[in-house]
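Computed from heavy atoms alone, side chains included, the values below leave out hydrogens, waters and symmetry copies. Because the structure is predicted, anything quoted here is derived from the model rather than measured. All chains are named by letter (A, B, ...) in the order of the sequence lines, taking the proteins before the strands, and each is independently numbered beginning at 1.
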Number of protein chains: 2
Amino acid sequence: MGINERKVRERNEMRQRIIQGAIHMFMTEGYEKTSIRNIAEKIEYSPATIYLYYKDKDELLYDVQKEAFQGLLVEFQARATATDPFERLTQICQTYVRFGLTNQEMYNLMFILKAPMNVIEEQEYWKNGDDCFAFLTTCIHECIQLKQIRYDNVMIAALSVWSMAHGLVSLDICCRMKVMEMEEEGVVHAITASVNEYLKLIKN
Amino acid sequence: MGINERKVRERNEMRQRIIQGAIHMFMTEGYEKTSIRNIAEKIEYSPATIYLYYKDKDELLYDVQKEAFQGLLVEFQARATATDPFERLTQICQTYVRFGLTNQEMYNLMFILKAPMNVIEEQEYWKNGDDCFAFLTTCIHECIQLKQIRYDNVMIAALSVWSMAHGLVSLDICCRMKVMEMEEEGVVHAITASVNEYLKLIKN
DNA sequence: TGGAAATAATGAACACTGTTCATTAAATTT
DNA sequence: AAATTTAATGAACAGTGTTCATTATTTCCA
């Protein structure tokens with residue numbers, strides 16, 4: 001009975017087509033101008049068809065977010081390869097910031113927009129960000145074990161590192177760095193400098 | 001000729017009425033469900049009337065944001081009063097986090113949402129956040145002069161402190177802390193602990 | 001004070017949004 | 001080949017931000 005397998009495969013292919021259409025719209029037109037009708041037109045289907053594969057827009061955005069996180073994890077695995085934990089932590093931070101600044105629309109969907117988080121039930125936890133966060137926590141765990149950083153609690157340390165990196169990237173993406181009198185180039189430099197300063201601060 | 005003065009006054013009163021209506025909608029219904037029609041109904045005017053006082057929704061949001069920043073500045077002035085610069089920096093951070101967690105919709109408008117920033121011209125700078133940021137930078141300037149913190153550059157230090165606080169608050173508001181297996185109470189505790197740890201780290 | 005000019009407010013419309021549902025087209029089963 | 005299940009769609013609904021011709025009100029001047 002290979003017919004059911006094909007049905008499942010075709011369903012996944014269609015979902016993938018929708019996700020890729022959505023990503024394409026994000027990249028070219030930005031999140032704000034990406035509508036269900038836009039995505040449908042891009043993949044040459046009726047808007048109503050999308051609702052056969054996704055309950056609502058939030059559920060679709062959640063899947064696009066999942067795709068984006070797989071991209072970040074690949075970056076981590078490719079760029080944060082040092083065997084020394086602290087050195088790897090440095091690579092993680094640099095990769096994170098770089099990823100955020102070069103994929104602003106995707107970063108927005110991953111870490112800022114509320115919409116994709118609406119699918120998560122109260123008290124339930126967020127599976128999309130799971131692997132990337134685990135990549136960070138295991139690294140920090142090793143740093144603490146080797147007494148390489150001035151933190152003793154893995155959770156507090158992971159949250160702090162993440163918050164510093166996210167704070168810098170998101171303030172830039174959300175245009176809030178306009179309080180400072182700086183050109184675009186100077187902003188990127190200040191972000192990099194701040195991350196490096198922070199890593200120096202936490203180093204034992 | 002007091003008639004023109006009255007016209008100006010009435011115009012400001014109307015704008016204030018619109019702003020307060022918008023704030024009321026934010027507080028009670030949240031940002032997502034706050035529409036021009038909603039605000040108009042709240043203040044008992046036609047939707048079209050709002051467009052006699054604001055060019056578009058973004059411009060209105062910008063003015064609401066301004067109001068919100070005045071609120072934060074008042075908090076700073078009331079709670080961050082220590083004469084010792086580092087102690088005052090601690091108070092600033094605590095006030096900031098407290099403000100963000102207790103006024104999530106306003107924080108969203110002030111630091112996360114893109115809409116109000118659209119009114120700012122390219123390369124121009126962001127006047128709304130000005131005073132609050134100056135409050136932070138002058139404090140940090142004093143900290144550096146007294147060698148109370150391990151930073152030598154005021155801008156980098158201010159950006160770092162702000163990013164850490166904003167990172168923590170915004171990750172919570174945007175529900176991204178759901179990657180960590182924690183109850184709501186634990187999250188608030190972790191945020192506080194992270195800020196305190198950071199302040200310990202930068203203290204000389 | 002009464003009528004003209006300027007100002008303020010509005011209802012109705014436009015083009016868009018997410019979403020639903022009855023109807024049509026296609027594929028599968030009998 | 002006919003009946004049944006599955007897939008896709010067009011049209012509609014209620015909502016959005018925004019514009020504009022029309023109406024109401026206020027101000028000005030003869």
Practice item. Side-chain contact test, heavy atoms from C-beta onward, threshold under 4.5 Å: evaluate it for F69(A) versus D130(A) and give yes or no. Key: no
Review point. So which nucleotide from dA8(D), dA7(D), dT19(C) ends up closest to the side chain of K7(A)?
Key: dA7(D)
Exercise for review: Determine, for Y31(B) and K57(B), whether the Lys NZ or Arg CZ falls below 6.0 Å from the six-membered ring centre while staying within 45 degrees of the axis.
Suggested key: yes
Revision key, fill the gap. Regarding the side chain of A48(B), the nearest nucleotide among dT19(D), dA8(D), dA8(C) is dT19(D)
Check your understanding: In whole angstroms, how far is the P atom of dA14(D) from the NZ atom of K33(B)?
Key -> 18 Å
Exercise for review: Grab the CG-C1' distance between L52(A) and dT6(D) for me, whole Å please.
Suggested key: 10 Å
Revision key, fill the gap. Checking dT19(D), dG10(D), dA7(D) against the side chain of Y51(B) (C-beta onward), the nearest is dT19(D)
Review point. How long is the line joining CD of E13(A) and P of dA8(D), in whole Å?
Key: 12 Å
Revision key, fill the gap. Taken to the nearest whole Å, CD/E32(A) to P/dC16(C) is 17 Å
**Study point:** Rounded distance (Å) that lies between atom C1' of dT17(C) and atom CG of D58(A)
**Key:** 14 Å
Check your understanding: So does Q123(A) have more than 12 non-hydrogen atoms from other groups sitting under 6.0 Å from CD?
Key -> no
Review point. Are the ring centres of Y45(B) and Y53(B) closer than 6.0 Å?
Key: no
Practice item. Would you kindly give the CD-to-P distance between E44(A) and dT9(D), to the nearest whole Å? Key: 11 Å
Check your understanding: Among dT10(C), dT28(C), dT9(D), which is the nearest nucleotide to the side chain of Y45(B)?
Key -> dT10(C)
Review point. Quick one: on DNA chain D, does E10(B) or S35(B) contact a more 5' nucleotide (nearest heavy atom)?
Key: S35(B)
Check your understanding: Is any side-chain N or O of R37(B) under 3.5 Å from a base N or O of dG15(D), one able to act as donor and the other as acceptor?
Key -> no
**Study point:** Which nucleotide in dT19(C), dA9(C), dT18(D) has an atom nearest any side-chain atom of P47(A)
**Key:** dT19(C)
Revision key, fill the gap. Of the listed dA8(C), dT9(D), dT18(D), the closest approach to the Y53(B) side chain comes from dA8(C)
Review point. Counting only heavy atoms not in E183(A), do more than 12 sit closer than 6.0 Å to its CD atom?
Key: no
**Study point:** Protein-nucleotide distance (E41(B), atom CD; dG11(C), atom C1'), rounded to Å
**Key:** 15 Å
Review point. How close or far is atom P of dT20(C) from atom CD of E59(A), stated in whole angstroms?
Key: 12 Å
Check your understanding: If only side-chain N and O atoms of S46(B) are considered, is one of them under 4.0 Å from the OP1 or OP2 phosphate oxygen of dA9(C)?
Key -> no
